[in-house]
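Below you'll find the structure, written out as C-alpha coordinates, and then a few comments.
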Amino acid sequence: MKLFNYIGAGLLVMGFTACDNIDEDDRFIPVERPHSEKTVLIEEFTGARCVNCPDGAAVVAALHETYGDNVIAVSHYPSQMESLTLPLGIDLRTSLASDYFAAYNGPNRGLPSAMFNRTAYNGQTLILQPTTWGSVVYDMLMNNESPVLIKMDSRYDASTRKLDVDYDVQFIDAVAEDVSFQLWIVENGIISPQLSTTGLIPQYENNHVLRGALNGTWGEAKGGAHMAGSTVTGSGSIVLADNWKPENCQVVGFLYRTSGRQVVQAGLIKSILPVASEE
(Lines give C-alpha, C1' and ligand atoms only; values in the text may rest on other atoms or scores of the structure.)
Protein backbone atom coordinates (compact mmCIF):
# COMPACT_ATOMS: atom_id res chain seq x y z
CA MET A 1 0.00 0.00 0.00
CA LYS A 2 1.38 3.44 -0.92
CA LEU A 3 1.13 6.51 1.24
CA PHE A 4 -0.11 9.74 -0.26
CA ASN A 5 0.52 13.32 0.65
CA TYR A 6 -2.15 15.79 -0.30
CA ILE A 7 -1.67 19.32 -1.53
CA GLY A 8 -4.30 21.97 -2.13
CA ALA A 9 -5.36 22.46 -5.72
CA GLY A 10 -4.68 26.18 -5.86
CA LEU A 11 -4.17 26.48 -9.60
CA LEU A 12 -6.58 28.72 -11.47
CA VAL A 13 -8.19 27.06 -14.44
CA MET A 14 -8.11 29.30 -17.50
CA GLY A 15 -11.11 30.07 -19.70
CA PHE A 16 -14.79 29.62 -18.92
CA THR A 17 -14.00 26.87 -16.44
CA ALA A 18 -12.56 29.43 -14.03
CA CYS A 19 -15.92 29.98 -12.39
CA ASP A 20 -17.03 26.34 -12.49
CA ASN A 21 -17.80 24.69 -9.19
CA ILE A 22 -15.21 22.13 -8.13
CA ASP A 23 -16.44 18.96 -6.49
CA GLU A 24 -15.12 18.39 -3.01
CA ASP A 25 -13.46 15.12 -4.09
CA ASP A 26 -11.48 17.02 -6.73
CA ARG A 27 -10.04 19.68 -4.47
CA PHE A 28 -6.97 17.67 -3.51
CA ILE A 29 -4.38 16.11 -5.78
CA PRO A 30 -2.78 12.85 -4.54
CA VAL A 31 1.01 12.83 -4.79
CA GLU A 32 2.82 9.56 -4.23
CA ARG A 33 5.75 9.52 -1.87
CA PRO A 34 8.87 9.39 -4.03
CA HIS A 35 10.53 6.02 -4.40
CA SER A 36 14.28 5.63 -4.58
CA GLU A 37 15.69 4.17 -7.78
CA LYS A 38 16.24 0.43 -7.75
CA THR A 39 19.78 -0.87 -7.31
CA VAL A 40 21.31 -4.21 -8.23
CA LEU A 41 23.91 -5.60 -5.85
CA ILE A 42 26.44 -7.65 -7.82
CA GLU A 43 28.43 -10.11 -5.72
CA GLU A 44 31.28 -11.34 -7.89
CA PHE A 45 33.29 -14.39 -6.79
CA THR A 46 36.84 -14.36 -8.06
CA GLY A 47 40.40 -15.56 -7.46
CA ALA A 48 43.98 -14.54 -8.20
CA ARG A 49 44.74 -17.73 -10.20
CA CYS A 50 41.44 -17.76 -12.10
CA VAL A 51 42.45 -16.84 -15.66
CA ASN A 52 38.89 -15.99 -16.71
CA CYS A 53 38.16 -13.82 -13.68
CA PRO A 54 39.56 -10.58 -15.16
CA ASP A 55 36.96 -10.99 -17.92
CA GLY A 56 34.25 -11.14 -15.26
CA ALA A 57 35.65 -8.03 -13.56
CA ALA A 58 35.63 -6.22 -16.91
CA VAL A 59 31.94 -7.04 -17.39
CA VAL A 60 31.12 -5.69 -13.92
CA ALA A 61 33.09 -2.51 -14.67
CA ALA A 62 31.19 -2.06 -17.94
CA LEU A 63 27.86 -2.53 -16.15
CA HIS A 64 28.81 0.13 -13.61
CA GLU A 65 29.79 2.44 -16.45
CA THR A 66 26.40 1.86 -18.09
CA TYR A 67 24.13 2.04 -15.06
CA GLY A 68 26.12 4.21 -12.65
CA ASP A 69 24.91 4.20 -9.05
CA ASN A 70 22.13 1.75 -9.89
CA VAL A 71 24.80 -0.97 -9.80
CA ILE A 72 26.79 -1.68 -6.62
CA ALA A 73 29.52 -4.29 -6.95
CA VAL A 74 31.40 -6.33 -4.35
CA SER A 75 34.22 -8.73 -5.16
CA HIS A 76 34.38 -11.83 -2.97
CA TYR A 77 37.68 -13.71 -2.71
CA PRO A 78 36.89 -17.14 -1.16
CA SER A 79 39.39 -19.75 0.02
CA GLN A 80 37.80 -22.77 -1.64
CA MET A 81 39.04 -24.05 -5.04
CA GLU A 82 42.68 -23.36 -4.14
CA SER A 83 43.94 -23.93 -7.68
CA LEU A 84 42.03 -20.76 -8.60
CA THR A 85 42.08 -18.77 -5.37
CA LEU A 86 45.54 -19.10 -3.75
CA PRO A 87 47.08 -15.61 -3.74
CA LEU A 88 49.94 -14.59 -5.98
CA GLY A 89 50.63 -11.47 -3.94
CA ILE A 90 48.31 -9.78 -1.46
CA ASP A 91 45.94 -12.27 0.12
CA LEU A 92 42.45 -10.90 -0.52
CA ARG A 93 40.61 -13.98 0.69
CA THR A 94 38.21 -13.64 3.62
CA SER A 95 36.25 -16.06 5.74
CA LEU A 96 33.18 -14.01 4.88
CA ALA A 97 33.61 -14.63 1.16
CA SER A 98 34.16 -18.33 1.84
CA ASP A 99 30.97 -18.50 3.90
CA TYR A 100 28.93 -16.82 1.15
CA PHE A 101 30.52 -19.00 -1.55
CA ALA A 102 29.63 -22.14 0.42
CA ALA A 103 26.09 -20.93 1.14
CA TYR A 104 25.38 -20.80 -2.61
CA ASN A 105 27.20 -24.03 -3.52
CA GLY A 106 29.94 -22.04 -5.21
CA PRO A 107 32.72 -24.64 -4.87
CA ASN A 108 30.63 -27.02 -6.99
CA ARG A 109 29.84 -24.33 -9.56
CA GLY A 110 33.02 -22.48 -10.49
CA LEU A 111 34.73 -19.13 -11.05
CA PRO A 112 34.12 -16.46 -12.11
CA SER A 113 30.53 -16.43 -10.88
CA ALA A 114 28.19 -13.76 -9.63
CA MET A 115 24.92 -13.17 -7.81
CA PHE A 116 22.53 -10.33 -8.58
CA ASN A 117 20.49 -9.21 -5.58
CA ARG A 118 20.85 -12.83 -4.48
CA THR A 119 17.82 -13.48 -6.65
CA ALA A 120 17.36 -16.48 -8.93
CA TYR A 121 17.44 -15.75 -12.65
CA ASN A 122 16.38 -18.53 -15.02
CA GLY A 123 16.53 -20.89 -12.06
CA GLN A 124 20.08 -19.98 -10.94
CA THR A 125 21.17 -17.62 -8.18
CA LEU A 126 24.92 -18.02 -8.76
CA ILE A 127 25.54 -17.39 -12.46
CA LEU A 128 28.79 -18.43 -14.13
CA GLN A 129 28.91 -16.97 -17.64
CA PRO A 130 29.94 -13.27 -17.53
CA THR A 131 28.54 -12.79 -21.05
CA THR A 132 25.05 -13.23 -19.58
CA TRP A 133 25.46 -10.86 -16.63
CA GLY A 134 24.39 -7.78 -18.57
CA SER A 135 21.00 -9.29 -19.39
CA VAL A 136 20.41 -10.11 -15.74
CA VAL A 137 21.12 -6.55 -14.59
CA TYR A 138 19.02 -5.05 -17.38
CA ASP A 139 16.01 -7.21 -16.53
CA MET A 140 16.30 -6.51 -12.80
CA LEU A 141 16.42 -2.77 -13.38
CA MET A 142 13.33 -2.79 -15.58
CA ASN A 143 11.30 -2.38 -12.37
CA ASN A 144 13.13 0.79 -11.40
CA GLU A 145 11.50 1.47 -8.04
CA SER A 146 12.51 0.30 -4.60
CA PRO A 147 10.07 -0.15 -1.70
CA VAL A 148 12.64 1.31 0.72
CA LEU A 149 14.96 4.27 1.02
CA ILE A 150 18.36 3.64 2.63
CA LYS A 151 20.36 6.38 4.32
CA MET A 152 23.80 5.78 5.84
CA ASP A 153 26.27 7.98 7.72
CA SER A 154 29.85 7.12 8.60
CA ARG A 155 32.39 8.40 11.15
CA TYR A 156 36.04 7.47 10.77
CA ASP A 157 38.61 8.12 13.50
CA ALA A 158 42.06 8.22 11.89
CA SER A 159 43.84 7.89 15.25
CA THR A 160 42.15 4.59 16.14
CA ARG A 161 41.28 3.54 12.56
CA LYS A 162 37.77 2.78 13.80
CA LEU A 163 34.84 3.17 11.44
CA ASP A 164 31.28 3.58 12.73
CA VAL A 165 28.26 3.51 10.44
CA ASP A 166 24.62 4.34 11.22
CA TYR A 167 21.83 3.36 8.87
CA ASP A 168 18.20 4.32 8.47
CA VAL A 169 15.74 2.36 6.32
CA GLN A 170 12.47 4.07 5.43
CA PHE A 171 9.71 1.87 4.05
CA ILE A 172 7.97 3.60 1.17
CA ASP A 173 5.81 0.50 0.58
CA ALA A 174 4.91 -2.23 3.05
CA VAL A 175 7.28 -5.21 3.28
CA ALA A 176 5.68 -8.17 5.00
CA GLU A 177 8.63 -10.58 5.21
CA ASP A 178 11.29 -10.59 7.91
CA VAL A 179 14.27 -8.55 6.77
CA SER A 180 17.91 -8.09 7.79
CA PHE A 181 20.41 -5.31 7.17
CA GLN A 182 24.04 -5.99 6.21
CA LEU A 183 27.00 -3.60 6.40
CA TRP A 184 30.28 -4.31 4.57
CA ILE A 185 33.52 -2.44 4.04
CA VAL A 186 35.13 -2.76 0.60
CA GLU A 187 38.40 -1.41 -0.77
CA ASN A 188 39.35 -0.19 -4.24
CA GLY A 189 42.68 0.13 -6.01
CA ILE A 190 44.48 -2.89 -4.53
CA ILE A 191 47.41 -3.78 -6.80
CA SER A 192 48.44 -7.43 -6.82
CA PRO A 193 49.44 -10.06 -9.43
CA GLN A 194 46.62 -11.80 -11.29
CA LEU A 195 46.57 -14.61 -13.83
CA SER A 196 44.63 -14.03 -17.04
CA THR A 197 44.02 -15.73 -20.37
CA THR A 198 47.01 -13.78 -21.74
CA GLY A 199 49.35 -14.63 -18.86
CA LEU A 200 50.38 -13.01 -15.60
CA ILE A 201 49.34 -9.40 -14.95
CA PRO A 202 51.89 -8.19 -12.37
CA GLN A 203 50.12 -4.91 -11.56
CA TYR A 204 46.45 -5.91 -11.62
CA GLU A 205 43.99 -3.51 -9.99
CA ASN A 206 41.43 -5.16 -7.73
CA ASN A 207 38.36 -3.05 -6.96
CA HIS A 208 35.39 -3.17 -4.54
CA VAL A 209 37.12 -6.01 -2.65
CA LEU A 210 35.21 -7.26 0.40
CA ARG A 211 37.35 -6.59 3.46
CA GLY A 212 34.99 -7.18 6.36
CA ALA A 213 31.53 -6.96 7.89
CA LEU A 214 30.51 -4.25 10.35
CA ASN A 215 27.57 -6.17 11.83
CA GLY A 216 28.27 -9.87 11.47
CA THR A 217 28.34 -12.39 8.63
CA TRP A 218 24.62 -12.11 7.92
CA GLY A 219 23.94 -8.66 9.29
CA GLU A 220 21.29 -7.65 11.79
CA ALA A 221 17.73 -9.04 11.84
CA LYS A 222 15.09 -6.29 11.77
CA GLY A 223 11.87 -8.30 12.02
CA GLY A 224 8.90 -8.27 9.67
CA ALA A 225 5.52 -6.71 8.91
CA HIS A 226 6.98 -3.30 8.15
CA MET A 227 4.23 -0.89 7.17
CA ALA A 228 4.57 1.90 4.64
CA GLY A 229 5.91 4.94 6.43
CA SER A 230 7.76 2.96 9.11
CA THR A 231 11.50 3.15 9.75
CA VAL A 232 14.19 0.84 11.12
CA THR A 233 17.61 1.95 12.26
CA GLY A 234 20.86 0.34 13.28
CA SER A 235 24.62 0.61 13.30
CA GLY A 236 27.88 -1.26 12.92
CA SER A 237 31.58 -0.71 13.43
CA ILE A 238 34.97 -2.09 12.44
CA VAL A 239 38.65 -1.28 13.00
CA LEU A 240 40.51 -1.07 9.70
CA ALA A 241 43.49 -3.39 9.35
CA ASP A 242 46.88 -1.69 8.98
CA ASN A 243 47.15 -2.57 5.28
CA TRP A 244 43.73 -1.15 4.32
CA LYS A 245 43.88 2.31 2.83
CA PRO A 246 41.01 4.35 4.30
CA GLU A 247 41.04 6.73 1.34
CA ASN A 248 40.15 3.78 -0.89
CA CYS A 249 37.48 2.29 1.36
CA GLN A 250 33.72 2.41 0.91
CA VAL A 251 30.72 1.02 2.78
CA VAL A 252 28.05 -1.16 1.19
CA GLY A 253 24.77 -1.53 3.05
CA PHE A 254 21.78 -3.54 1.95
CA LEU A 255 18.40 -4.73 3.17
CA TYR A 256 17.48 -8.32 2.35
CA ARG A 257 14.68 -10.77 3.01
CA THR A 258 15.98 -12.92 5.84
CA SER A 259 14.52 -16.24 4.75
CA GLY A 260 15.47 -16.33 1.07
CA ARG A 261 18.25 -13.68 1.35
CA GLN A 262 16.97 -11.78 -1.71
CA VAL A 263 18.24 -8.20 -1.64
CA VAL A 264 15.52 -5.56 -1.44
CA GLN A 265 17.77 -2.54 -1.89
CA ALA A 266 21.44 -1.59 -1.52
CA GLY A 267 23.28 1.65 -0.84
CA LEU A 268 26.87 2.88 -0.96
CA ILE A 269 28.97 5.32 1.05
CA LYS A 270 31.53 6.32 -1.57
CA SER A 271 34.13 7.56 0.92
CA ILE A 272 34.54 6.94 4.63
CA LEU A 273 36.74 10.03 5.05
CA PRO A 274 35.22 13.29 6.26
CA VAL A 275 34.26 15.71 3.51
CA ALA A 276 36.34 18.86 3.70
CA SER A 277 34.21 21.85 4.55
CA GLU A 278 34.11 24.73 2.10
CA GLU A 279 34.99 28.11 3.58
Side-chain angles (χ1 to χ4, degrees), residues 3 33-43 68-76 94-97 99-100 117-118 145-175 177-188 208-242 244-258 261-278:
L3 291 184
R33 292 180 60 187
H35 288 72
S36 58
E37 291 188 351
K38 183 70 175 178
T39 59
V40 173
L41 175 66
I42 304 177
E43 296 178 69
D69 292 342
N70 293 101
V71 167
I72 298 174
V74 176
S75 292
H76 294 310
T94 63
S95 60
L96 286 172
D99 288 344
Y100 303 140
N117 280 348
R118 296 181 175 175
E145 288 187 347
S146 168
V148 301
L149 177 64
I150 295 173
K151 296 180 180 180
M152 296 185 291
D153 294 303
S154 64
R155 300 176 304 282
Y156 177 66
D157 187 330
S159 63
T160 62
R161 296 181 65 84
K162 184 182 179 186
L163 173 67
D164 294 290
V165 176
D166 298 321
Y167 63 84
D168 178 301
V169 180
Q170 301 175 18
F171 290 84
I172 307 303
D173 297 331
V175 175
E177 303 96 329
D178 284 358
V179 293
S180 297
F181 197 89
Q182 179 78 67
L183 285 169
W184 287 334
I185 183 170
V186 301
E187 185 178 358
N188 293 312
H208 39 76
V209 176
L210 177 67
R211 285 304 208 174
L214 284 73
N215 60 349
T217 302
W218 298 104
E220 182 181 7
K222 309 307 292 187
H226 299 282
M227 301 301 295
S230 64
T231 300
V232 297
T233 61
S235 62
S237 63
I238 194 170
V239 175
L240 276 63
D242 291 340
W244 301 357
K245 297 180 179 179
E247 64 270 21
N248 292 343
C249 289
Q250 300 177 320
V251 173
V252 174
F254 60 96
L255 187 79
Y256 70 93
R257 292 179 168 88
T258 307
R261 303 197 192 110
Q262 297 92 345
V263 175
V264 177
Q265 179 74 335
L268 179 70
I269 297 177
K270 294 183 178 181
S271 175
I272 66 171
L273 299 181
V275 178
S277 60
E278 296 182 1

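- The stretch residues 263-274 participates, sequence neighbours left out, in these salt bridge (Lys or Arg N to Asp or Glu O under 4.0 Å) pairs: Asp69-Lys270.
- Listed here is the closest heavy atom pair of Pro147 and Val264: CG-CG1, 3.6 Å.
- Atom SG of residue Cys249 and atom CD1 of residue Ile185 lie 4.0 Å apart, to the nearest 0.5 angstrom.
- Residues passing the side-chain hydrogen bond (donor to acceptor under 3.5 Å, both in side chains) test with Tyr100, sequence neighbours excluded: Trp184.
- Partners of Arg261 by salt bridge (Lys or Arg N to Asp or Glu O under 4.0 Å), not counting sequence neighbours: none found.
- Under 3.5 Å, the side chains of Gln262 and Asn117 contain no donor-acceptor pair of N or O atoms.
- For the 3.5 Å distance criterion, the side chains of Glu187 and Asn248 fail to qualify, holding no donor opposite an acceptor.
- Partners of Asp166 under the side-chain contact (heavy atoms from CB on, under 4.5 Å) rule, at least two apart in sequence or in another chain, are Arg155, Ser235.
- Glu177 meets the side-chain hydrogen bond (donor to acceptor under 3.5 Å, both in side chains) test with Arg257; sequence neighbours excluded.
- Annotation: side chain of Arg118 is in contact with side chain of Glu43 (closest heavy-atom distance under 4.5 Å).
- In terms of the side-chain contact (heavy atoms from CB on, under 4.5 Å) criterion, residue partners of Ala241 (sequence neighbours excluded) are, by chain and number, Asn243, Trp244.
- The closest donor-acceptor contact from the side chain of Thr39 to the backbone of Gln265 lies at 3.5 Å or more, if one exists at all.
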Chi angles and distances behind the side chain to side chain contact (heavy atoms under 4.5 Å, CB included) call for His226, Val179
CA-CA 9 Å; His226 299 282; Val179 293; 3.5 Å; yes

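- When all heavy atoms of Asn70 and Lys38 are compared, the pair lying nearest together is ND2-O, 2.8 Å.
- Residue Tyr156 comes nearest to Ile272 through the heavy atom pair CB-O, 3.4 Å, listed as atom of the first residue, atom of the second, then distance.
- Atom CE of Met227 and atom CG of Asp173 lie 11.0 Å apart (nearest 0.5 Å).
- Partners of Ser271 according to the side-chain contact (heavy atoms from CB on, under 4.5 Å) rule, which considers only residues two or more places apart in sequence or in another chain, are Leu273.
- Under 3.5 Å, the side chains of Gln170 and Thr231 contain no donor-acceptor pair of N or O atoms.
- Between the OG atom of Ser75 and the CG atom of Leu210 there is a distance of 9.0 Å, given to the nearest 0.5 Å.
- For Lys162 against Ser237, the heavy-atom pair with the smallest separation is CE-CB, 3.9 Å.
- The salt bridge (Lys or Arg N to Asp or Glu O under 4.0 Å) test applied to Arg161 returns no partner, not counting sequence neighbours.
- With sequence neighbours left out, Ser154 forms a side-chain hydrogen bond (donor to acceptor under 3.5 Å, both in side chains) with no residue at all.
- When all heavy atoms of His76 and Ala97 are compared, the pair lying nearest together is CB-CB, 3.7 Å.
- When each of Ile72, Val74, Val186, Ile269 is checked for a side chain to side chain contact (heavy atoms under 4.5 Å, CB included) with Gln250, only Val186 meets the rule.
- Partners of Asp157 under the salt bridge (Lys or Arg N to Asp or Glu O under 4.0 Å) rule, at least two apart in sequence or in another chain, do not exist in this structure.
- Tested against Val251, the residues Ile238, Leu268, Leu163 include a single side chain to side chain contact (heavy atoms under 4.5 Å, CB included) partner, Leu163.
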Passes side chain to side chain contact (heavy atoms under 4.5 Å, CB included), Ile172 versus Val148? Steps please.
CA-CA 5 Å; Ile172 307 303; Val148 301; 5.8 Å; no

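- In this view, His208 satisfies the ring-ring contact (aromatic ring centres under 6.0 Å, His included) rule with no residue, not counting sequence neighbours.
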Less than 3.5 Å apart, which donor and acceptor atoms pair up between the side chains of residues 212-220 and the rest of the protein, not counting sequence neighbours?
unit_1 : atom_1 : unit_2 : atom_2 : d
Asn215 : OD1    : Gln182 : NE2    : 3.3
Asn215 : OD1    : Leu183 : N      : 3.0
Asn215 : ND2    : Phe181 : O      : 2.8
Glu220 : OE1    : Tyr167 : OH     : 2.7
Glu220 : OE2    : Lys222 : NZ     : 3.4

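- For the pair Ile150 and Phe254, the tightest heavy-atom approach, listed with the atom from each and the gap, is CD1-CA, 4.4 Å.
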